[in-house]
Undergrad: 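What follows is a single structure, and I will ask about it in a moment.
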Amino acid sequence: MPLAPTLAKPIARYLLLALFVLIAGLQMAKVHIWPLSTHGADFVCPAWLYLESRRGKTFFRHLGLPPEKPLRLAAGTFALCLLWELGQLGHSIPGTYDPYDLLAYFLGAAAAYGLDH
């Protein structure tokens, strides 16, 4: 079942959005605050994707990851991020491979799953 419409869930989404905007602003201003400006988006994006997937608002439901399966969604979110980073390692996706990105992806998906339960 999708997330219950409690006060905490919309607040989490808005806080993630605010954090993402803050991180983007820091990066555009070339302000380096480790780990916020270097890996903050790598933490926020999987958490956001997980929360939106739990609402049934992403393509995951077409891949056999329905909103009713939160652990599958968290694992699928991390797997998608892992594939992205491995694509950078193999130079098939533009960007720089960074193993710390994998840690941030995992922590973002795990934190969202943890807050969801």
Side-chain angles (χ1 to χ4, degrees):
M1 132 175 25
L3 291 176
T6 64
L7 184 61
K9 307 307 184 205
I11 288 175
R13 290 184 12 245
Y14 291 125
L15 287 175
L16 283 172
L17 179 60
L19 183 58
F20 189 79
V21 170
L22 171 69
I23 292 164
L26 289 172
Q27 290 176 342
M28 289 187 329
K30 300 192 184 315
V31 175
H32 298 288
I33 302 172
W34 190 90
L36 187 61
S37 58
T38 55
H39 300 289
D42 299 325
F43 176 85
V44 170
C45 288
W48 181 273
L49 179 60
Y50 172 84
L51 289 176
E52 291 302 306
S53 297
R54 284 286 279 150
R55 295 177 60 220
K57 301 291 184 183
T58 68
F59 64 93
F60 277 156
R61 60 191 160 87
H62 301 296
L63 298 175
L65 299 170
E68 300 83 26
K69 305 284 186 179
L71 186 57
R72 278 183 167 178
L73 285 176
T77 299
F78 177 69
L80 184 66
C81 295
L82 176 66
L83 288 173
W84 182 266
E85 202 65 26
L86 291 176
Q88 291 178 348
L89 179 63
H91 304 291
S92 58
I93 294 176
T96 304
Y97 171 77
D98 182 357
Y100 287 113
D101 288 352
L102 295 174
L103 178 62
Y105 296 148
F106 174 78
L107 292 175
Y113 176 80
L115 289 173
D116 188 24
H117 283 82

Undergrad: According to a hydrophobic-cluster definition based on side-chain heavy atoms being under 4.5 Å apart (Ile, Leu, Val, Met, Phe, Trp, Tyr only), do L86 and L102 belong together?
TA: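 Linked within one cluster.
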Undergrad: Scan residues 71-98 for pairs that pass salt bridge (Lys or Arg N to Asp or Glu O under 4.0 Å), counting only residues two or more places apart or in two chains.
TA: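 Qualifying pairs: none.
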Undergrad: Following the transitive rule for hydrophobic clusters with a side-chain heavy-atom cut-off under 4.5 Å over Ile, Leu, Val, Met, Phe, Trp and Tyr, establish whether M28 and V44 coincide in one cluster.
TA: no
Undergrad: Which pairs with one or both residues in residues 58-103 pass ring-ring contact (aromatic ring centres under 6.0 Å, His included), sequence neighbours excluded?
TA: F78-F106
Undergrad: Could you list the residues that satisfy side chain to side chain contact (heavy atoms under 4.5 Å, CB included) with L107, not counting sequence neighbours?
TA: F43, L103
Undergrad: Got a sec, which residues hit side-chain hydrogen bond (donor to acceptor under 3.5 Å, both in side chains) with S37, two or more places apart in sequence or on another chain?
TA: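 Once residues adjacent in sequence are excluded, S37 has no partner under the side-chain hydrogen bond (donor to acceptor under 3.5 Å, both in side chains) criterion.
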Undergrad: Using every non-hydrogen atom in the two residues, find where A12 and L51 come nearest and quote the distance to one decimal.
TA: CB-CD1, 4.2 Å
Undergrad: For residues 27-53, which residue pairs qualify under salt bridge (Lys or Arg N to Asp or Glu O under 4.0 Å), counting only residues two or more places apart or in two chains?
TA: R13-E52, E52-R55
Undergrad: In Å, rounded to the nearest 0.5 Å, how long is the span from CZ of R54 to CD of E68?
TA: 8.0 Å
Undergrad: Can you name the side chain to side chain contact (heavy atoms under 4.5 Å, CB included) partners of L15, sequence neighbours left out?
TA: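 Per chain and number, L15 pairs via side chain to side chain contact (heavy atoms under 4.5 Å, CB included) with I11.
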Undergrad: How many angstroms lie between atom CG of L49 and atom CG of L73, to the nearest 0.5 angstrom?
TA: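 Atom-to-atom, L49:CG and L73:CG are 8.5 Å apart.
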Undergrad: Residues two or more places apart in sequence or in another chain: which of them pass side chain to side chain contact (heavy atoms under 4.5 Å, CB included) with L22?
TA: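 For L22 the side chain to side chain contact (heavy atoms under 4.5 Å, CB included) partners, ignoring immediate neighbours, are L19, L26, L36.
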Undergrad: To the nearest 0.5 Å, what is the distance between CD1 on I93 and CG on L83?
TA: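 Result: 8.0 Å between the selected atoms.
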Undergrad: Taking side chain as C-beta onward, heavy atoms only, is T96 less than 4.5 Å from Q88?
TA: no
Undergrad: For the atom pair CG (L63) and OG1 (T58), what is the distance rounded to the nearest 0.5 Å?
TA: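 Those atoms lie 8.0 Å apart.
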Undergrad: Do I33 and L16 land in one hydrophobic cluster if side-chain heavy atoms of ILVMFWY residues count as linked below 4.5 Å?
TA: yes
Undergrad: Which atom pair, heavy atoms only, marks the closest approach of A74 to A109?
TA: O-CB, 3.9 Å
Undergrad: If we ignore hydrogens and angles and just use 3.5 Å, is the side chain of T38 paired with the main-chain N or O of W34 as donor and acceptor?
TA: no
Undergrad: Is R61 reaching over with its side chain to a backbone N or O of P66, donor-acceptor style, under 3.5 angstrom?
TA: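 Not confirmed, R61 side chain does not pair with P66 backbone.
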Undergrad: For C81, which residues count as a side chain to side chain contact (heavy atoms under 4.5 Å, CB included) partner, sequence neighbours excluded?
TA: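 Scan of C81 (side chain to side chain contact (heavy atoms under 4.5 Å, CB included), adjacent residues dropped) gives P46, Y105.
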Undergrad: When you group the ILVMFWY residues by side-chain heavy-atom contacts below 4.5 Å and let the links chain together, are L65 and L71 in the same group?
TA: yes
Undergrad: Of all heavy-atom pairs between P70 and D116, which one has the smallest distance, and what is that distance?
TA: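 So the minimum-distance heavy-atom pair works out to CB-OD2, 4.1 Å.
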